[in-house]
Structures are given as structure tokens and as C-alpha cells.
Novice: 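Structure below; questions to follow.
Atom set for the values below is all heavy atoms of this structure, side chains included, hydrogens, waters and symmetry mates excluded. Each chain gets a letter, A, B and so on, in the order its sequence line appears, and its residues count up from 1.
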Amino acid sequence: MSGTALDPKTAPTFPMAAKTAMGDTQLRKNVRHATDVIQAKRARVVGEMPDWQELREAGKQVRQHTMENLDFYLEEFEANCTRAGGVVHWARDAEEARRIIVELVKASGSEEVIKIKSMTTEEIQLNSALEAAGIHPFETDLAELIIQLGQDRPSHIVVPALHKNRHEIRAIFQREMNLPELGDQPHDLADAARMFLREKFLRVKTGVSGANFLIAETGGVCIVESEGNGRMCLTLPETLIMVAGIDKVIPRYQDLEVLLQLLPRSATGERMNPYTSIWTGVDAADGPRVFHVVLMDNARTEILADEEARQTLNCIRCAACQNACPVYRQTGGHAYGSVYAGPIGAILTPQLQEMHYAQSLPYASSLCGACYEVCPVKINIPEVLIHLRNKVVKQNTAGVAGFFDVEAGAMKAMAMIFRSERRFRAAQRMGRVAESPLVGKDGWIGWLPGLLGGWTQVRDLQEMPKETFRDWWERRGKNGN
Amino acid sequence: MFPETGKAVVRVLERLGHTVEFPAGQTCCGQMHYNTGYQAEAMPLLERFVAQFKGAEAVVVPSSSCVAMMRDHYPKMALALKDRELQGQVNELLPKVFEFSEFLTKGLGLEDVGAYYPHRVTYHASCHGLRNLLLGDGPVRLLKAVRGIDLVELEGVEQCCGFGGTFAVKNADVSGAMLADKTTAVLKTKAEACTACDNSCLMHIQGALHRQKTGVRTVHLAEILAGEEGVQQ
Amino acid sequence: MATELVTDSARAEVLRRIRAAKGGTANAEAARAGWGAVERRYRRESTRSRDVILELLVDRLQDYDARVVRALHIDVRAVAARMLEERKAKRMVVPRGLASEWLPDGVEFVVDEEIPAAELDRVDGVMTGATLAIAETGTVVLQNVAGQGRRAATLVPDYHLCVVRVEDVVETVPEAMGRLQATAELATTFVSGPSATADIEMTRIKGVHGPRFLDIILVG
């Protein structure tokens, strides 16, 4: 059913994938339109809040505090959830999480599951594992349904089909739902999804979901959504299986007063999303009779161990950074080769790979800071990007390979020049000599070799000045102004 | 690299009655190394900067990203070096470091520096100035006070031009697309010149404006503020 | 079962990794102190007058496509009758414990005694009360208590008529969470307008899987 999954292990480097993505003018138009709309909506509802910065600060502190006490809060959640009738499982990595979930679905006696949109299940490629075990997953979020039926891949954390416009979505629905007469108005498409999925909601006995927040104090769970498909999956099935990264825990119920203000305004530009569900364990008279929670590490503890990158775990998956990012807005999400695209993906993905893959992602940013500015929990993404770049450089320059690394060689040479006034002066002179064969009659360079060739793809470079400021300053001093 | 900016800074500050010194040993703040992942290579440049400028009454830097580098990273770097004396020197020096427009507006409380610049100009808010230094409308207020200027607002003024240091060569295609958006906006203003507080952005924007043979120039804010009536610009 | 053994060692391993990453084991006392030290300088109390808060609620509910009518206690039944007629609702589900004086004549009210979902799918709508409403966000909060009922009943039918008492209206989200704290473990649903999606071109489209029509009677 599903298309080739986004897998950082096999994805091309960001610059290569970006080049391909940018060749798709329709995709770029769709991404630009959608991110423009959402940014304007966000700006409006954030502007209504006189205490937005105080909320951001509280959000940051709550998340930071959680990570500092993560073991305590996870154990507290486990104890309270268990007491309320839930069953808590632990998974060290994606493979273990998949195995547990597949076994639990089989034990529920169902060969089908209805799914709430969950980036965590995308991260662990759960659908292919379910399919391999003969279990059919039905995605029920409209965007995820579009992705599943179109054999496509998610390109955005909150709106995974953001790269598709209504006409493209209609074509997918016409084909896959056998509705040749389907109109292309958004409400036509929403109605078609309602019809298509209602029967599944009423029939399928097992639901699979992710989670927004796990509440340690009560053992409860909070899920934030728009369409009501989430509520369907959370209340109608007999068995509910939830997978959550260990970073999803929050200390207390009261902390929702911060997070439920920050998340909807940042994510969809709404004062509150249409539906937020909070419940605790199993209620004999309301909802599933069997409730499992799989708490998954999958490299999150690696991130926790890196003090400078730890703030990555504070993310509440609102995607505001994606919408604000000028790089994401040019390329869309697929270029990042991961379900986590955009600025948060650029820091999260390589760390989830323990820095073994996706090393080009920390460089997929001009460090403009727009992501940090909109982040509801104040993750300083540029700072983490720079930190991860340092890790990449250390990896690439370790051992013999580093000796032959052209970039590292150039960087070291330049650093040596900058460390000495004499060498700096000489370099300024030498620069003029070295560039001279490339300088045109008008004093501009239109072509550069090697690593610098990227510059002259669309830009010229002015030749170095005939007289440096330093020379001018000294001449001026001698002449007594 | 950009001698005209340095000269303009000297001219403006001297016109305002300040004495300018240029420590000859200064080189680079280390931003390119640091931001590309070569932290180790940036460390000696921090030490060099401190050695060159300690004791100054105010350090004026006509580049917002260099100032952002110092403010955002120097304290951390000094801590990492575990050199207490250096940490103290950094903490003492940083409050005296100003971006050029910031020195005029926040340091001296000025808006009108007596400049004359009879051209149509649009202002690009460099990311580091906007988001790291929080320059706000300071540069625009300085420009508005310039006599003869025809200042036009740039659409998407807060959008990154796509330079980002080594980003421009490592991700040349994306950078080029961001730059194309920026130059399109600049051309739409019909300005003769695009200005900013950072020559790195301007070098980037100018590179495309020249390639496209638009005839539109880039000029550092200091060079506009240095403009005087009767002097050819 | 084999799985249990595996996750048992997984549990120990994940906790061990966390403690190694942070350099120590967290405890209740430290957690309590740290949590208490979080700076909460945002608004936690209402700043507007009652009238303004109620107007704000009406405005915000309407902004997200809910229909709102204000009524006095004695008029709820008549107002409900009119709204049900306009929605052409003849057969409504109601939770146990809903105030009978609110229910108009001429409409069939079926009390939700674990009605199967397929049956809920066939009624014209559901009528409930609410625990509270948040003015600033245009939100109605439902809990699994008398007069509000289980979650499926307010989800599967296509129309929801909800009665909110003015004394249950708060201005901000923090006030709401404060009031809900005592019943934090109950199944709770925040409803802000009818079901909607922004998945197509980021435009809010009303009506996907939850009730496509939401009417509110604000009483008092």
C-alpha cells in the first residue's frame, strides 16, 4: 500500500534531494501557498495573546524540567496508567516497538487497524511492519489518507499532504475511492473521506495511535486533533494501542494549561483545535476495554545525553518552524529524507540516527533564526544546528580521511591566516593575485572552481579591492588625514 | 573586503566628534569557522579579538552577523576553553561591542546623523540583526532621517536572502532560490540601491543583481549615512 | 509471555540509559521542587468583566462555525425546540442525567444505554450539557458525567446541541484546567467548533468525522 518510506539511511543528501524537489514547480507552489496561509493564521492568533512570550518561557521550562527528571516522570506515568487499567510496554528501538505493536494487534484478534496520524509510527515505519504481518492499517487523518491512497510520503509534521493541492487530491480520491464524479471543492473531498472512513470506524476493532502528551501525575493521555478521526480511533475500537516517544511525557495535568495554549496556535493557527481528548487508562463504560502504551526510546536517550542538543527533545511537534523556514518553503519536506522535515527535522533526524546518517541535514539551513523565533517552547534550533555541524566535522576529520578532506583543509588554512596579522595581510595581497585570471574586464568574477562553484551558479563575485581598508587607514595616518 | 564600508564608518563617527582607532592586528571574528562546525579553529580567533580590543571604550562593528557571533557564542566558547581570565575579559568587553547602527541609535541615542543621500533606496533586514541583535526599526529610523533619500519598503523584508555563509555553496540551489525571491522583491521596489547592516548579505544580493545585469547596486548602511551634500556618491 | 520478559529488560535498559544520560536518578522531592520553580508569568486569572467574557465566548464560538443562542433558564426548552426543528432533528440521543426540563415535546429522546456505534450513526443528533466553556478559545468541555455522557455519543451523530450554563464559563485556558484538576482522570473532550480539517491547502473546512453541526444554548 505505502510508497517508498522516507528513510534517512538510504535518502540522498539534502542538496541533491533539494535540487530534485525544486524542479517540481507545482509542489513548490503548493508548499508556498500552504505555508503562507498557515503563517498568516498563526501570526493573527499569536498576536491576540498579550502573554505569548511568558507562555513560551513557561513551555520551555516545563519541557526542560521534564527532561531533567525524565526517569521519574516515566515511572510515575507507568504506575498511574497501570493503576487505571492501561498496560505499559517499553521499547529500546524502532524494531522492538514494531514487534510489540504487531504482537498486540495480533492478540487483539483483528487483521485491520484504524490509525490516527502519528509521526512516531511514521518514524518507525509501522505500516510496512503491519502489512508484512498481514495486518491492514487504515490511515484516518485526511492528510494521511491522501498519502496512503496516493502511495506518497508525508512532507510536513502537522499537514503531511501539504504538498498536494485540491486538484491532485481529487484525482487520488477519484481513482482510489472509485468516485469519478467527485468535485474538487475542499468540502467535496472532506465529505468523500467521511463516507469512505465511516464504515471503517464502525467496523474495525483495533486502533493504533501516537500521543501528544502523557501525563505523569494522572497516568492520562492527551491527544490533539481536528477532524474527529482521532476521537473515533480512541473511543470506538475494543483495543487501543498507543506508541509514544519517551519525550512525550509531561509532569502534571496543570502543565496542559501552557501546552494547550502554545500548540494549537503554533500548529494550525487556531485558538484551539476542534478536538482535544484527555483520558486515563480504561473506563468500563467509555471507550476501549484494552489499552496499551508502548514507551519507545529509539535514540532519544542519545539526545538526552548530549547537553547542548538536549533541547531537541522539548519539541511538541507543532511544525511552526517548518512553516517559517525559508529553506523548507523552497524545497518542501521530502528533500529532508525523513518524516521529520524542516528545521526540527534537520536537528532531530541525524540525532535519531545517532549521527551515522543524514549528516547533510545540519547544513540545510542558512541559520536565519526564523525557526527559533516561532518555536513555542523556545528551542534554539540554530544553536543546535551549529553544535551538530561540529559533530559532523569531528567525524569527518577524524583519522586518515580527515587529512584528505578538502573543506577541512581550506578551513584550517584560513584559520591559520586569521591567527596572524602578517599572514592576513599577505593573504589579502595573494587573493588579488590568485583571483586575477578569473576577474573580467568589469572587475567581476563569473566563474569559480571546485567547492566555490556553487556561488557562481547564479551570482557573480566582485574582485577584491585594489586598496584594502587597512592600507587606506595606514596611508591616511601617514598623510596626517 | 569592503573598504568603502570601513571608510564610511570612520567618516560618520568622526563627523559626530568621536575618535576612531583601528587595531592593526584584527582579522576575523571566527563566525565562518564556528557556524560551519569548525569550533576548534574559531577559538584562537576569540582570543585574538579580545587581545586586540580590550580596553576600548566602544567597539563598533559594521556587520550584524559578526556581532551576533560574539554575543551568542563568545561567552560559551570562553567557558569551553576553561580560561577564567578570558571569561572575565569577554564578559567585560561584550557590553561595549555594538553593531554600527545600534551604536548610533542605542549607544548615542541618535536618528539624524546629518547625512544626505539623494537616491531611491530599499532596506533589507539581515537575519542576525533582526533576530539575534533585535535591531528592530533602528536602521530604518536612521535612514528616514537622511536628507534627499527616497526610502521604499521591501516586500518580505524579514526573509533571509539565502546567504548563510557556507550555506550558499553547500546548498547552492536552495540558496539561489531564496536569493531569487529576494532580488525579485528588490527589483519590484524600483530602488537604485539596496542597503543593509551586513556586507555578507549585500555581497550575496549584489552577486545576483550583477549577474542579472539589473544595474541595481548594494550599499552598506554606513555608506549612506556617510553621504554629504556636495560630495559625489 | 515472552514479550513481557523482553519489555521488562527493555524497561530497565531505557531507564538505565536515561539515568546515564543525565548523570543520576531523579526523585520525587527534586521533581516537585523543580516543577514548582517553573516560572508561570502568563495570565492565570480572568481580566475581563463577566459580560465581556460571555460576549467573547459567543464571538469565538461563532468564529468557528458554531451557532449560539443565549437563553434564560425557563426558556431553554423552547429554544431547544426551535433549534431542533431548524435542524430537522426528530430523534436525539441524550446521556443519562440530562435535565428533563430542557427536553422539548415532539422530539424522541433516546437515553444512551451503551447504544452501539452503528445505532448512534442513525440518530439525528445528540443533546448534552457541558462541564465548562472557555471564552478565549471558544471551547466547550465535556466529561463523562451525568448529563454529558460517554465520548462516543457526542461524536458519532452528525449534530450536537450543547447547553452551557453561564456560571460554567471561564475566560482562559488556565482557569479551565484549574477547575478540571479535581476530575483530571475522567474522560474529557475539548470541543472547539464543529469537526474541521485544514489538510487541504491549509484552509479550515467544516465537517469531517465528528458532528458537522454544533449548536450551543448559553443559559443564564
Side-chain angles (χ1 to χ4, degrees), chain A residues 34 37-38 51 54-55 57-58 61-62 65 69-72 89-92 96 100 103 142-143 159 161 165-166 169 186-187 189-190 194 202 218 220 226-229 231-232 235-236 251 253-254 256-257 260-261 268 271-272 274-280 283 285-287 297 301 304-305, chain C residues 3 6-7 10-11 13-15 17-22 25-28 30-31 34-35 38-43 60 117-118 121 134 136-139 144 150-152 155 173-174 177 181 184-185 187-203 205 207-210:
Chain A
V37 170
I38 190 67
D51 53 352
E54 288 77 11
L55 282 165
E57 181 59 32
Q61 290 190 22
V62 166
H65 164 74
N69 297 275
L70 191 58
D71 48 338
F72 173 77
H89 309 257
W90 299 70
R92 280 164 281 211
E96 193 164 41
I100 294 169
E103 276 182 40
L142 181 52
V159 194
N165 67 19
R166 63 183 72 180
I169 296 166
H187 68 84
L189 303 170
R194 181 184 175 94
L202 297 177
T218 60
S226 293
E227 296 166 14
N229 65 303
R231 292 180 67 195
M232 292 279 182
T235 48
L236 298 187
Y253 189 76
Q254 196 196 319
L256 290 172
E257 75 184 22
L260 288 182
Q261 294 198 77
T268 50
R271 299 183 188 103
M272 192 65 93
Y275 299 129
T276 297
S277 298
I278 306 168
W279 79 99
T280 313
D283 180 339
D286 191 342
D297 178 356
T301 47
L304 190 70
Chain C
T3 313
V6 171
T7 66
R11 178 185 193 281
E13 173 64 10
V14 173
L15 289 170
R17 287 179 191 171
I18 293 171
R19 286 164 185 149
K22 302 186 292 113
T25 303
N27 62 58
W35 188 84
V38 169
E39 291 171 320
R40 297 173 191 272
R41 301 217 174 105
Y42 49 88
R43 290 168 302 145
R60 297 281 154 99
D121 195 30
I134 309 167
E136 198 164 77
T137 57
T139 302
N144 187 4
R150 66 192 176 112
R151 293 171 291 170
L155 172 65
V173 174
M177 299 318 289
Q181 179 73 49
E185 290 176 31
T188 303
T189 308
F190 287 48
V191 176
S192 309
S195 152
T197 181
D199 280 352
I200 300 167
E201 299 178 8
M202 282 285 193
T203 309
I205 309 156
V208 195
H209 303 296

Novice: With a 4.5 Å cut-off on heavy-atom pairs, point out which of C/Ala28, C/Ala152, C/Ala31, C/Ala187 contacts chain A the most.
Specialist: C/Ala31
Novice: Under a 4.5 Å cutoff for heavy-atom pairs, which residue among C/Glu201, C/Arg19, C/Arg150, C/Met177 has the most contacts with chain A?
Specialist: C/Glu201
Novice: Working to the nearest 0.5 angstrom, can you tell me the gap between A/Tyr253 OH and C/Gln181 CD?
Specialist: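 Here the interatomic distance stands at 7.5 Å.
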Novice: Pick from C/Ile134, C/Thr25, C/Thr137: which one has the most heavy-atom pairs with chain A under 4.5 Å?
Specialist: C/Thr137
Novice: Counting heavy-atom pairs closer than 4.5 Å to chain C, which one of A/Glu227, A/Met232, A/Arg166, A/Met272 comes out on top?
Specialist: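 Among the listed options, the one with the most contacts to chain C is A/Glu227.
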Novice: First locate atom CD1 of C/Ile205, then atom CG of A/Leu189, and finally report the distance between them rounded to the nearest 0.5 Å.
Specialist: 7.0 Å
Novice: Nearest heavy-atom pair of C/His209 and A/Gly228: which atoms, and what distance?
Specialist: CB-C, 3.9 Å
Novice: Using a 3.5 Å distance criterion without hydrogens, assess whether the side chain of A/Asp71 forms a donor-acceptor pair with backbone atoms of C/Leu15.
Specialist: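 Side chain of A/Asp71 to backbone of C/Leu15, a donor-acceptor pair under 3.5 Å: no, none is there.
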Novice: Could you look at A/Leu142 and say if it's the side chain, the backbone, both or neither that has a heavy atom under 4.5 Å from chain C?
Specialist: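 Contact with chain C involves both backbone and side-chain atoms of A/Leu142.
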Novice: Under the side chain to side chain contact (heavy atoms under 4.5 Å, CB included) test, which residues partner C/Ala198, sequence neighbours left out?
Specialist: none
Novice: Using a cut-off of under 4.5 Å for heavy-atom pairs, which of A/Ala190, A/Pro186, A/Ala58, A/Gly220 has the most such pairs with chain C?
Specialist: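 Going by pairs under 4.5 Å, I would pick A/Pro186.
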Novice: For C/Ser195, does its backbone N or O pair with a side-chain atom of A/Tyr275 as donor and acceptor, under 3.5 Å?
Specialist: yes
Novice: Against chain C, label A/Val159 side chain, backbone, both or neither, depending on which of its atoms sit under 4.5 Å from a heavy atom there.
Specialist: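 Both parts, backbone and side chain.
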Novice: Would you say C/Glu185's side chain and A/Thr280's backbone share a donor-acceptor pair under 3.5 angstrom?
Specialist: no
Novice: Answer with side chain, backbone, both or neither: which region of C/Ala20 has an atom nearer than 4.5 Å to a non-hydrogen atom of chain A?
Specialist: neither
Novice: Please identify each residue that fulfils side chain to side chain contact (heavy atoms under 4.5 Å, CB included) with A/Pro251, with sequence neighbours left out.
Specialist: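 Residues passing side chain to side chain contact (heavy atoms under 4.5 Å, CB included) with A/Pro251: A/Val62, A/His65, A/Thr66, A/Tyr73, A/Asp255, C/Trp35.
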Novice: For chain C, which candidate among A/Gln254, A/Arg194, A/Glu54 shows the most heavy-atom pairs at distances under 4.5 Å?
Specialist: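 Option with the greatest count: A/Arg194.
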Novice: Verify, without hydrogens or angle tests, whether A/Asp51 (side chain) and C/Tyr42 (backbone) share a donor-acceptor contact under 3.5 angstrom.
Specialist: no
Novice: Need one label for C/Glu13: side chain, backbone, both or neither, based on atoms under 4.5 Å from any heavy atom in chain A.
Specialist: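 Just the side chain, heavy atoms under 4.5 Å.
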Novice: Please state whether the side chain, the backbone, both or neither of C/Thr139 comes within less than 4.5 Å of a heavy atom of chain A.
Specialist: side chain
Novice: What part of A/Leu70 gets closer than 4.5 Å to chain C, counting heavy atoms only: side chain, backbone, both or neither?
Specialist: both
Novice: Might you point out which heavy atoms bring C/Pro194 and A/Pro274 nearest each other, and give the distance in Å?
Specialist: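 The pair with the smallest heavy-atom distance is O-CB, 4.0 Å.
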Novice: Between A/Asn69, A/Asn165, A/Thr235, which shows the greatest number of heavy-atom pairs under 4.5 Å with chain C?
Specialist: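 The residue among A/Asn69, A/Asn165, A/Thr235 with the greatest pair count is A/Asn69.
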Novice: Determine, step by step, whether A/Arg92 and C/Arg17 satisfy the side-chain contact (heavy atoms from CB on, under 4.5 Å) criterion, reporting the C-alpha distance in whole Å, the side-chain angles of both residues, the deciding distance to 0.1 Å, and the verdict.
Specialist: CA-CA 10 Å; A/Arg92 280 164 281 211; C/Arg17 287 179 191 171; 3.8 Å; yes
Novice: Would you please test C/Arg41 and A/Glu57 for side-chain contact (heavy atoms from CB on, under 4.5 Å) and show each step?
Specialist: CA-CA 9 Å; C/Arg41 301 217 174 105; A/Glu57 181 59 32; over 6 Å; no
Novice: Quick check on the interface: out of C/Ala117, C/Ala21, C/Ser192, who has the most heavy-atom pairs with chain A under 4.5 Å?
Specialist: C/Ser192
Novice: Counting only non-hydrogen atoms closer than 4.5 Å, does A/Leu202 touch chain C with its backbone (N, CA, C, O), its side chain (CB onward), both, or neither?
Specialist: side chain
Novice: Who among C/Arg151, C/Lys22, C/Glu136 has the most heavy-atom pairs with chain A under 4.5 Å?
Specialist: C/Arg151
Novice: Taking C/Val208, C/Thr188, C/Asp199 one by one, which has the highest count of heavy-atom pairs under 4.5 Å against chain A?
Specialist: C/Asp199
